[in-house]
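Atoms within each ligand, like the ligands themselves, are counted from 1 in listed order. Bear in mind the structure is a predicted one, so any value in this text is a computation, not a measurement.
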Amino acid sequence: MILDQSARIVIIGAGPAGCSAAIALASAGWRVTIFERAVFPRTKPCGEFISPAATRLLERLIPRPRLIAIGGAPARSMLLERGSGTLRAPLRSSAWAVPRSALDHELLRRAREAGAHVVQPSAVLGVGYSAHRALVRVADGREVSCGLVVHADGTGRHDPRGPVAMAPGWIGIKCHVRRMFEGVRIRACRGAYVGTIGFGGNRGTIAIAVRSAWLGAHRGDLDALARTLWPEFDPRWREGEWTSCGIARSRYVGSGHPRSIRIGNAAAAVDPIGGEGIGLALWSGDFLGRLIVESCAIDDCSPDTWQQRFAREFRRRLRLRSPACRMAAEVLVRPMATRAFWSMVGARTALVRAWSSASGKAGPRPTN
Ligand SMILES: Cc1cc2nc3c(=O)[nH]c(=O)nc-3n(C[C@H](O)[C@H](O)[C@H](O)COP(=O)(O)OP(=O)(O)OC[C@H]3O[C@@H](n4cnc5c(N)ncnc54)[C@H](O)[C@@H]3O)c2cc1C
């Protein structure tokens with residue numbers, strides 16, 4: 001099976017993964033259609049911190065002045081907190097804090113400008129696969145034939161291999177606040193970790209990963225839950241409602257058919273503890289797009305070639321990031337483990353620096 005530029009590529013989902021793939025493909029003249037079920041701008045449970053590892057790509061997709069114009073702010077420090085103790089994890093180059101409502105909206109606008117056809121709101125209900133094509137079934141009754149389906153829906157549920165695994169017994173909650181937070185802070189709590197990030201202009205985000213048992217114990221009252229975990233939290237800071245979702249956590253899941261490929265969270269999801277998810281989503285979409293364009297330019301557009309290269313590179317990126325984020329999440333939600341970690345690390349910033357680098361936060365060296 002060969003893919004060529006005349007074949008339509010359907011992308012399911014217009015998050016960071018779907019949009020970056022669409023930008024790379026449509027800019028090179030490929031016929032791309034994105035189906036997105038939500039109306040943008042929309043809020044999304046997310047800490048909205050984007051790792052330094054993704055800074056270069058993010059600023060290529062959306063130049064710095066525009067990131068600031070849509071409400072983003074550079075983040076230059078990352079603090080881990082336990083009670084009144086803090087540890088500084090170095091950010092070798094600057095990272096970004098960008099509200100997802102604005103980030104995803106802007107990326108989709110750029111995908112459209114690059115030539116992608118966007119159908120929104122429009123949910124994909126199912127995909128049928130054959131050797132010669134894939135048939136995408138959409139909520140309005142339409143069926144769209146294409147040469148390749150890119151699963152960027154955050155789960156991969158329409159790929160033959162099915163959805164990625166979720167972290168059992170965990171949920172993520174998030175709200176925006178009228179409150180200035182400095183940099184990125186992650187607080188260790190029993191059975192939870194609380195992240196805050198500031199955007200400037202007296203605005204910030206609180207995102208919490210928490211065992212669902214905590215939610216039951218507070219009868220679903222998320223303000224009360226947030227106060228238990230972080231006594232300084234004042235519900236009057238809140239701007240809008242809390243949003244919640246399950247937390248995906250999975251190793252790399254390869255595509256289940258030659259006419260199917262998974263990117264972003266639909267391919268693999270690391271624990272949301274340090275801004276790697278959006279970066280991996282942006283990178284995987286951009287990398288896939290460039291891989292297809294380059295492979296076909298040298299007449300080697302058999303999926304065996306680019307799908308294998310894509311899988312190899314994705315796995316390589318996860319090799320350190322995945323266990324580093326897993327370990328941090330496990331340590332921060334267990335007070336005894338956190339205490340042991342704190343006394344072990346003490347002033348030895350080399351250990352924090354090693355974790356920071358393993359989890360992807362070293363990023364490129366600053367150029368200025
Ligand atoms: C509580 C929490 C906090 C987090 N904090 C951070 C953080 O601070 N930094 C970070 O980098 N990552 C964070 N993450 C992870 C991050 O949100 C994800 O890694 C990232 O959103 C993945 O991007 P994606 O494009 O793969 O998928 P998504 O962002 O999930 O986008 C998928 C899109 O597909 C659409 N869609 C789904 N199904 C369909 C369908 N059937 N038809 C059409 N459209 C569909 C959805 O509406 C959505 O717009 C956090 C996650 C959680 C849960």
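- Interface atoms of ligand 1 facing I12, defined by a heavy-atom separation under 4.0 Å, are 40 (C), 42 (N), 43 (C).
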Candidate pair F49 and W96, rule ring pair (Phe, Tyr, Trp, His ring centres under 6.0 Å), full reasoning: CA-CA 6 Å; F49 166 54; W96 280 93; over 10 Å; no

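- Annotation for ligand 1: atoms under 4.0 Å from non-hydrogen atoms of P272 are 3 (C), 4 (C), 14 (N), 50 (C), 51 (C).
- Considering backbone and side-chain N/O atoms, I50 never comes within less than 3.5 Å of an N/O atom of ligand 1.
- Counting heavy atoms closer than 4.0 Å to ligand 1, residue A17 contributes atoms from both its backbone and its side chain.
- Taking the centre of each ring, W306 and F310 stay at or above the 6.0 Å mark.
- Contact analysis puts E48 in contact with ligand 1, with a non-hydrogen atom separation below 4.0 angstrom.
- Taking any N or O of P16, backbone or side chain, at least one lies under 3.5 Å from an N or O belonging to ligand 1.
- At a heavy-atom cutoff of 4.0 Å, ligand 1 is contacted by both the backbone and the side chain of F49.
- Taking every heavy atom of C245 and a limit of under 4.0 angstrom, the matching atoms of ligand 1 come to 53 (C).
- Listed by atom number, the atoms of ligand 1 under 4.0 Å from G15 heavy atoms are 25 (O), 31 (O), 33 (C).
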Derivation of the side chain to side chain contact (heavy atoms under 4.5 Å, CB included) call for R82 and R339: CA-CA 8 Å; R82 168 184 160 257; R339 210 173 306 133; 3.1 Å; yes

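- Partners of R37 by side chain to side chain donor-acceptor pair (under 3.5 Å), not counting sequence neighbours: none found.
- With a 4.0 Å heavy-atom cut-off, ligand 1 is reached by the backbone of E276 but not by any atom from C-beta on.
- Only side-chain heavy atoms of A281 come within less than 4.0 Å of ligand 1; its backbone N, CA, C and O stay farther off.
- Using a cutoff of 4.0 Å between basic side-chain nitrogens and carboxylate oxygens, R110 and E113 are not scored as salt-bridged.
- Note on ligand 1: A54 sits outside its first shell, no heavy atom being nearer than 4.0 Å.
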